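Some notes on the structure that comes next.
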Amino acid sequence: MIREISKTYEANKYEDEIYKLWEESGFFNPDTCQPWAEDKNRKKYCNILPPPNANGELHLGHASGYTVMDIFGRYHRMKGEKVLLFPGKDHAGIQSQVVYEKKIKAERGISRYDLGREKFYKEIYDFCIDRSNYMRAQEKKIGISADWSREKFTLDPDVLSRALETFVKMEKDGMIYRGERIINWCPRCSTALSDVEVLHKKTAGKLYYIKYPLKDSKQFITVATTRPETMLGDTAVAVNPKDKRFEKLVGKIVILPLQNREIPIISDRRMEMEFGTGAVKITPAHDPLDWQIGKDHKLQEIQVINEKAEITKLGGKYVGQKVEEARENIVRDLTEFGLIEKIEENEINKSICERCKETIEPLISKQWFVNVDAKKYSLKKESLKAIKTGKIEVYPKSFGKIMTQWFSGLHDWCISRQIWWGPQIPVWYCEKCGEENYIVSIEKPKKCPKCKGAELIQDQDTFDTWFSSGQWPYTTLGYPKGKDYKDFYSTEMMVTGRDLLFFWASKMIMMGLYRTGKVPFKNLFFTGLIRDKDGLKMSKSKGNGVDPLQMIEKYGADALRMSLITDTTPGLDTRLYEEKIEKYRNFVTKLWNIYRYSFSSNENFKLEEKISRHDLKSLADSWIVSRVNQAILEASKMLENKNIAMAENILIKFTWDDLASWYLEIHKLEKNDKVLGYVLEKILKLWHPFMPFVTEKIYGDANLRIHANATNKKVKILMVEKWPVSDKKLINKKAEKEFQNLQEIIGKIRNIRSSYRIAPSEIIEAYAKKLKNQEIIEKLGRVKFSDAKKQGIEISGKDLKIVLDIAELIDVEKEKKNFYKEITNLENLIAKNSALLANKNFLASAPKEIVENNKIKLAEYREKLKSQKDLLDNLKKLS
RNA sequence: GGGCAAUUAGCUCAAUGGCUAGAGCACCUCGUUUACACCGAGGGGGUUAUAGGUUCGAGUCCUAUAUUGCCCACCA
């Protein structure tokens, strides 16, 4: 060994230093990444990275997304394109506020009200910046080749003002309105939520049948409800107009129990006759459907539940009680009055807050909305068009369909939140002129433009986080005049989790189209969720989470990256567990050892970029060079098709099976360093997007060795080397076929060795006529050929018959059985194939190539069958 | 209630209508022959969920069914 290379690659020893090398090279930045002559027409590739919420730490979801983005990014960079992976962080309105409130509660025992709005905002801002720095360090550990010099935060002044301008523009275009409507209210977060921020969870509940007495009558009408406490705010009872049972009651008045209020019985076709009794209580202030019905029937809205989920004054004696408490008391009181007919067990669809899981209270509240289907511009219709016309290519395809459906049924978007963290809505009120005469302006106007006098107060509400992050692709790039915007928009690629489909991806499409007239990205790639070994969601409470940083520390970033993309399909969930990561750590070691072997075998060994046919000295040379060019072809095609898992598969198969298991062993005999150096150079490049660290390390070390004594010690960086192009002249199907035959023969020898337990140290005497590749067979089969004819078992391959001198060891009966089995198998194949070739339809319809292949195969099977029969006859003679 | 997906070896998953449906893990046997025991060689293990259909040809396309998962939805 000329120089010591360690047996294993110690990832944690090198990764930081390699990342530093990349960073300092300036090649993450497309402006300074020009390793090739600057070409004006150089293709641009931009991927705006989804900004993680700046309030926690990196988890596996981020790691898997980043891996996908980085693979594509590095691939395109190596293809010579101008690549920008644009990093950033999201202030994450509600989530960050929840996190920070918990933190100050736990650490200081205080609430946000103790701090006051201004101080709270300042603290949480510092907290997010602090977390951003921390998370950035973690992101680098994954190896993502992002341009950190451009990094943005959603609250950076330039980014933010561009986002706010959109609100101003929308308002001008008549797409914004403020209204009292029923909204989803989270009592814990004390804010309104949009529809997508509400989760529906099936839970066990009860269905209460309550008797409402009719006015001036002893009759009752029974209504069924899961939320009896809302009856305090009932303003009607509704039935379906087609419902014969209640025909005569429509228009009558009932006395609302407990409240002693007179309310009408109305009819509305939206009532399901099958549900409960068919009669339903209507509470416009606390149920979305009832609110609609209330509007249509001009019913009074009586708010009996407040923002803290407590009963209001209008709820009479139950005032101040929590809804659950009030429910119990009301049911008890009703029971006392004999007004509960029955109580049934019932599965209910509970609405909960996506962030804190608290039960949602539907309330009527004054909020800002985006009209998604406005006259001047329809966000809904334009988005639908972009997807349907294929302006955005969605991976997987089926998600495009899901989006289409979602957009079709889209409701107006509530964008105001009653939280303190986040940008305030740029709307100003004048005390004199009233809230109806609001002024929209990003800067605070000096005076009220109407009355020219009074002080202006800004709207207290903040924006839905998705309002700003939904604009991320162009606010970051400096719309409308920025150079980056001109260079890179529409961006090429967006990769995001399938859980963000409606939250984020959809918003980016809507707002990007509205503001810029162009799609924000041409390709939209969804990743699935990472689950644990049993397919369960990872969560802190379950303790089944895998910490990506721990895994990187233990197995290396390359191994983690590989395990995150292996066997994945876009949009589908995948399972991750330590054994899987371990497997790829082992693979990294394998690659390392291919390098170790190559460079230890000869002190002049070097990587070879090119090779000519004269350099191919043997069958094995032609074969491996053909195979590697085939691998380049296929892997590149898979990457173009966005099928990274498949590309990975192809490369693993080549590296482990073809190169390591076969060619390296043959190299020990033939020692064609030129060929090995060529193949190694290619696979380092091919693997780089997937495993950037180990490949960069090997490449660097390998070149250092070459340049050790040279004057030019400029370090070559693999990250910006050119992606290999398949040299089709070197693809040699004939050599591949011939080598396959060789592999088959050696396989058979090994099989026999194994079944008779012949130790590897024992060399078997053998004999063959017309022997080719003798040395290879001898080495890999551990046999020794001589001229003397032998007695024993015979093996055959194409044009070759080998006799192994182990007559005394063989169990003839067992071998006979093996032959019979193989003969039957071949006979079946021949029958199948002949039938196919006799089929006129097949000959007429199948492509010529397939027909040809089948003919060749049939001939092969026949030949094999013949030789198997011969061998069997010879075997029989032996017994 | 509606939609989408999945169902292939014991497990996790591949397979772009066409070569005897492939990997890894696990399992069994053997083995340190100086790249690698984070390894190597060999082996067992499949009616591709079920039933039909289209096709010269189906794991792949179509239609049902079953099971599982996810998403959406104003059955209170």
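Below, chains carry the letters A, B, ... as their sequence lines are ordered, and counting in each starts from 1. What you are looking at is a predicted structure, and each value in this text was computed from that prediction instead of being measured.
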Inset, instruction - Would you classify A:A660 as touching base, sugar-phosphate or nothing, given that sugar-phosphate means primed atoms plus P, OP1 and OP2, and contacts are heavy atoms under 4.0 Å? - result: base
Inset, instruction - Tell me whether the OP1 or OP2 atom of B:U20 has a side-chain N or O from A:N828 closer than 4.0 Å. - result: no
Inset, instruction - May I ask you to evaluate whether A:K840 reaches the phosphate of B:C56, defined as a side-chain N or O under 4.0 Å from OP1 or OP2? - result: no
Legend entry - Donor on one side chain, acceptor on other, A:S408 and A:Q405, under 3.5 Å: no
Inset, instruction - With a 3.5 angstrom cut-off on both distances, give the Watson-Crick or G-U wobble partner of B:U48, or none if there isn't one. - result: none
Legend entry - Span that lies between the P atom of B:C11 and that of B:A5, in whole angstrom: 25 Å
Inset, instruction - Looking at every strand, decide which applies to A:T230 at a 4.0 Å heavy-atom threshold: base, sugar-phosphate, or nothing. - result: nothing
Inset, instruction - Give A:S761 one of three labels, base, sugar-phosphate or nothing, depending on what nucleic acid heavy atoms sit under 4.0 Å from its own. - result: nothing
Inset, instruction - Give none if B:U7 has no partner; otherwise give the nucleotide forming a Watson-Crick or G-U wobble pair with it, both distances under 3.5 Å. - result: B:A66
Inset, instruction - Assign A:I850 to base, sugar-phosphate, or nothing according to its heavy-atom contacts below 4.0 angstrom with the strands shown. - result: base
Extract all donor-acceptor atom pairs below 3.5 Å that involve side chains of residues 273-281 of chain A and protein atoms in other chains or at least two apart in sequence.
| unit_1 | atom_1 | unit_2 | atom_2 | d |
| --- | --- | --- | --- | --- |
| A:T277 | OG1 | A:T222 | O | 2.5 |
| A:T277 | OG1 | A:A279 | N | 3.1 |
| A:T277 | OG1 | A:A279 | O | 3.4 |
| A:K281 | NZ | A:T230 | OG1 | 2.6 |
| A:K281 | NZ | A:D234 | OD1 | 3.0 |
| A:K281 | NZ | A:T283 | OG1 | 3.0 |

Inset, instruction - Report yes if a side-chain nitrogen or oxygen of A:R782 is closer than 4.0 Å to either non-bridging phosphate oxygen (OP1 or OP2) of B:U33; otherwise report no. - result: no
Legend entry - Donor/acceptor link under 3.5 angstrom from A:E665 side chain onto base of B:A35: yes
Legend entry - Side chains of A:Y756 and A:E815, donor plus acceptor under 3.5 Å: yes
Inset, instruction - Pick the C1' atom in B:G17 and in B:G3, then give their distance to the nearest Å. - result: 28 Å
Legend entry - Side-chain N or O of A:W406 closer than 4.0 Å to phosphate OP1/OP2 of B:G2: no
Legend entry - C1' atoms of B:G43 and B:U48, separation to the nearest Å: 23 Å
Legend entry - C1' gap between B:A9 and B:G44, integer Å: 11 Å
Inset, instruction - For B:A15 versus B:U33, give the span between their P atoms, rounded off to a whole number of Å. - result: 40 Å
Inset, instruction - Answer yes if the ring centres of A:Y597 and A:W592 are under 6.0 angstrom apart, and no otherwise. - result: no
Legend entry - hbond_proxy A:R585 side chain to B:C38 base (donor-acceptor, 3.5 Å cutoff): yes
Inset, instruction - Please state the C1' separation for the pair B:C74 and B:U67 - nearest whole angstrom. - result: 31 Å
Legend entry - side-chain N/O A:K590 vs B:G40 OP1/OP2, d < 4.0 Å: yes
Inset, instruction - Tell me what A:D290 touches on the nucleic acid: a base, only sugar-phosphate, or nothing, going by heavy atoms under 4.0 Å. - result: nothing
Inset, instruction - Rounded to whole angstrom, note down the P distance from B:G10 over to B:C27. - result: 15 Å
Inset, instruction - Check the side chains of A:E736 and A:Q740 for a donor-acceptor pair under 3.5 angstrom, ignoring hydrogens and angles. - result: no
Inset, instruction - For B:A23, give its Watson-Crick or G-U wobble partner with both distances under 3.5 Å, or none. - result: B:U12
Inset, instruction - Both distances under 3.5 Å, Watson-Crick or G-U wobble: report the partner of B:C30, or none. - result: B:G40
Inset, instruction - Kindly state whether the ring of A:Y9 and the ring of A:Y14 have centres lying under 6.0 angstrom apart. - result: yes
Inset, instruction - Return no unless some side-chain N or O of A:T566 is found under 4.0 Å from OP1 or OP2 of B:C13. - result: no
Inset, instruction - Please evaluate the base of B:A35 for a donor-acceptor partner in the side chain of A:K7 within a cut-off of under 3.5 Å? - result: no
Legend entry - Euclidean distance for C1', B:U68 against B:U50 (whole angstrom): 15 Å
Inset, instruction - Report which part of the nucleic acid A:N853 touches: base, sugar-phosphate, or nothing (heavy-atom distance under 4.0 Å, all strands). - result: nothing
